[in-house]
Trainee: 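Can you read through this structure? Questions will come right after.
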Amino acid sequence: LLRRIGGDARRPRVRVVGTGAAPVLPPLIEDIIATLGEGTEIINVYGMTEMLPIATCDARAKLEHLKQGGRGDLLGKPMGDTKFKLADDGEILVSGSGLMDRYFGGEPEVWHATGDLGTLRADGQLVMLGRKKNMLIRGNMNIYPSLYEPSLCTIDGVADAAIVGVPDRIGDDRVMLFVVAKEGADAARVLAAVKAQVRLHMDEDALPDSIELLDRMPLSGRSHKRDAIVLVELARRYFASDTPA
């Protein structure tokens, strides 16, 4: 929709935009506001095939969460009779009338383990800190990419950011941060800004071994999600060639 509208002077009047199916990064929210105007409400929906919806959040609140130094992806408050709680390891568990009955051949579910890691803010809103399976391990540090990627995207000129790991010879992950500059931005300056500010957005023990600029983020499938396989292979090539950060 945003690509089709572009600079068309006949900008449509849209009251509400709903997003879902993938984490919503700040540049997308900013592009929606810039294209459709401040009058358009942007609602982000958190859910999954097994449980829909779980929570909703105003997109501008996501931006404010990050501007105030918050980590992770703000998901919002539960919808309807939905309830959530956190397991001992931080995994988000959900229950409510939107929950499936069971997996085929399985037992009925009362609480569903989402595979997402989260935390609850003092105001009761849920924040996703990362995917339980999407975890890198370096030394004694567990690194969850989606804990840092939204914040990295608030650096001036950054359109997208992705953190991937490539195991070294003893199994520790070497951490690569890929960034994509916004259209029209000076790519060299964006890369320099990321390198200068990365410590403001990531924990010291999670800092990348290398930061590289991509012309565009590799995508796959009809939903155009990041192609993690391609990103890992690109990181593997960079590390193999000892490209300096």
Side-chain angles (χ1 to χ4, degrees), residues 21-30 62 66 69-73 90 115-118 127-221 223-245:
V24 179
L25 297 176
L28 175 59
I29 298 171
E30 293 166 352
K62 282 183 181 282
L66 294 170
R71 291 280 179 85
D73 186 20
D116 295 328
L117 298 171
V127 178
M128 183 166 69
L129 300 180
R131 287 289 296 167
K132 190 173 181 178
K133 293 182 179 179
N134 185 21
M135 181 183 75
L136 312 181
I137 300 176
R138 183 172 60 189
N140 61 356
M141 180 71 174
N142 294 340
I143 302 171
Y144 297 97
S146 52
L147 172 60
Y148 306 110
E149 289 165 347
S151 181
L152 289 165
C153 286
T154 65
I155 297 175
D156 189 40
V158 174
D160 204 353
I163 299 170
V164 297
V166 177
D168 63 14
R169 63 183 182 83
I170 63 170
D172 261 7
D173 279 312
R174 297 185 70 185
V175 180
M176 171 70 78
L177 167 59
F178 286 116
V179 294
V180 177
K182 290 182 178 178
E183 186 175 353
D186 185 314
R189 288 188 177 182
V190 172
L191 182 59
V194 173
K195 290 181 176 180
Q197 299 176 41
V198 66
R199 280 180 165 80
L200 302 177
H201 300 270
M202 298 183 68
D203 295 307
E204 189 72 24
D205 290 341
L207 290 172
D209 297 294
S210 185
I211 304 173
E212 301 295 340
L213 191 72
L214 295 178
D215 293 333
R216 59 183 178 83
M217 193 65 67
L219 306 174
S220 65
S223 59
H224 299 290
K225 291 185 178 181
R226 290 180 191 161
D227 194 324
I229 295 175
V230 171
L231 286 171
V232 170
E233 182 56 32
L234 284 173
R236 195 184 310 277
R237 292 177 188 175
Y238 275 111
F239 286 133
S241 63
D242 290 323
T243 304

Trainee: Taking the side chain from Asp209 and the backbone from Val175, do they hold a donor-acceptor pair closer than 3.5 Å?
Mentor: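 Between the backbone of Val175 and the side chain of Asp209 there is a qualifying donor-acceptor contact (under 3.5 Å).
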
Trainee: Can you see which heavy atom on Val127 is nearest to which on Arg71, and at what distance?
Mentor: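 Looks like CG1-O, 3.3 Å.
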
Trainee: State, yes or no, whether a side-chain contact exists between Met217 and Leu231 at a heavy-atom distance under 4.5 Å.
Mentor: yes

Trainee: Does some side-chain heavy atom of Arg189 sit less than 4.5 Å from a side-chain heavy atom of Asp156?
Mentor: no

Trainee: Distance-only, no hydrogens or angles: does the Asp73 side chain make a donor-acceptor pair with backbone N or O of Met128 under 3.5 Å?
Mentor: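 Between the backbone of Met128 and the side chain of Asp73 there is no qualifying donor-acceptor contact (under 3.5 Å).
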
Trainee: For the residue pair Arg131 and Ser146, what are the closest heavy atoms and their distance?
Mentor: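 Closest heavy-atom pair between Arg131 and Ser146: N-OG, 3.7 Å.
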
Trainee: Using the rule side-chain contact (heavy atoms from CB on, under 4.5 Å), only one of Val158, Leu25, Val198, Asp160 pairs with Leu152; which is it?
Mentor: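 Checked Val158, Leu25, Val198, Asp160 against Leu152; only one passes side-chain contact (heavy atoms from CB on, under 4.5 Å): Val198.
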
Trainee: Out of curiosity, Phe178 CZ to Leu213 CG, how far, rounded to the nearest 0.5 Å?
Mentor: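 So the gap between those two atoms works out to 10.5 Å.
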
Trainee: Where the side chain of Ser151 meets the backbone of Tyr148, is there a donor-acceptor pair that is under 3.5 Å apart?
Mentor: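 Side chain of Ser151 to backbone of Tyr148, a donor-acceptor pair under 3.5 Å: no, none is there.
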
Trainee: Quick one: closest heavy-atom pair of Ala193 and Ile155, and the distance?
Mentor: CB-CG2, 4.1 Å

Trainee: Around atom CG of Leu200, are there more than 12 heavy atoms of other residues, nucleotides or ligands at under 6.0 Å?
Mentor: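 Yes, the 6.0 Å shell around CG holds more than 12 heavy atoms from other groups.
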
Trainee: Tell me, do Leu66 and Lys62 make a side-chain contact under 4.5 Å, heavy atoms counted?
Mentor: no

Trainee: What's the separation between atom CE in Met141 and atom CG in Asp172, rounded to the nearest 0.5 Å?
Mentor: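 Those atoms lie 12.5 Å apart.
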
Trainee: When rounded to the nearest 0.5 angstrom, what distance separates OG1 in Thr154 from CD in Gln197?
Mentor: 8.0 Å

Trainee: Less than 4.5 Å apart, side chain to side chain, heavy atoms only: is that true for Ile143 and Arg138?
Mentor: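 A side-chain contact exists here, since the closest heavy-atom pair is under 4.5 Å.
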
Trainee: Identify whether the distance between the nearest side-chain nitrogen and carboxylate oxygen of Arg237 and Glu212 falls below 4.0 Å.
Mentor: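 Looking at Arg237 and Glu212, the cut-off is not met.
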
Trainee: Determine the minimum heavy-atom distance between Ala161 and Arg226, stating which atoms define it.
Mentor: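 Looks like O-NH2, 2.7 Å.
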
Trainee: Roughly how far, to the nearest 0.5 Å, is the CG atom of Asn142 from the CG atom of Asn140?
Mentor: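 With rounding to 0.5 Å, CG (Asn140) is 8.5 Å from CG (Asn142).
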
Trainee: So Arg174 and Ser210, do their side chains get closer than 4.5 Å, heavy atoms only?
Mentor: no

Trainee: Report the C-alpha separation of Lys132 and Asp116 in whole Å, then their side-chain angles, then the decisive distance to 0.1 Å, and conclude whether the salt bridge (Lys or Arg N to Asp or Glu O under 4.0 Å) test is met.
Mentor: CA-CA 5 Å; Lys132 190 173 181 178; Asp116 295 328; over 6 Å; no

Trainee: How many angstroms lie between atom CG of Asp173 and atom CD1 of Ile163, to the nearest 0.5 angstrom?
Mentor: 12.0 Å

Trainee: Can you name the nearest heavy-atom pair linking Leu117 to Tyr144, along with the distance?
Mentor: CD1-CE2, 3.1 Å

Trainee: Show the nearest heavy-atom pair for residues Gly157 and Ala185, with the distance to one decimal.
Mentor: O-CB, 4.3 Å

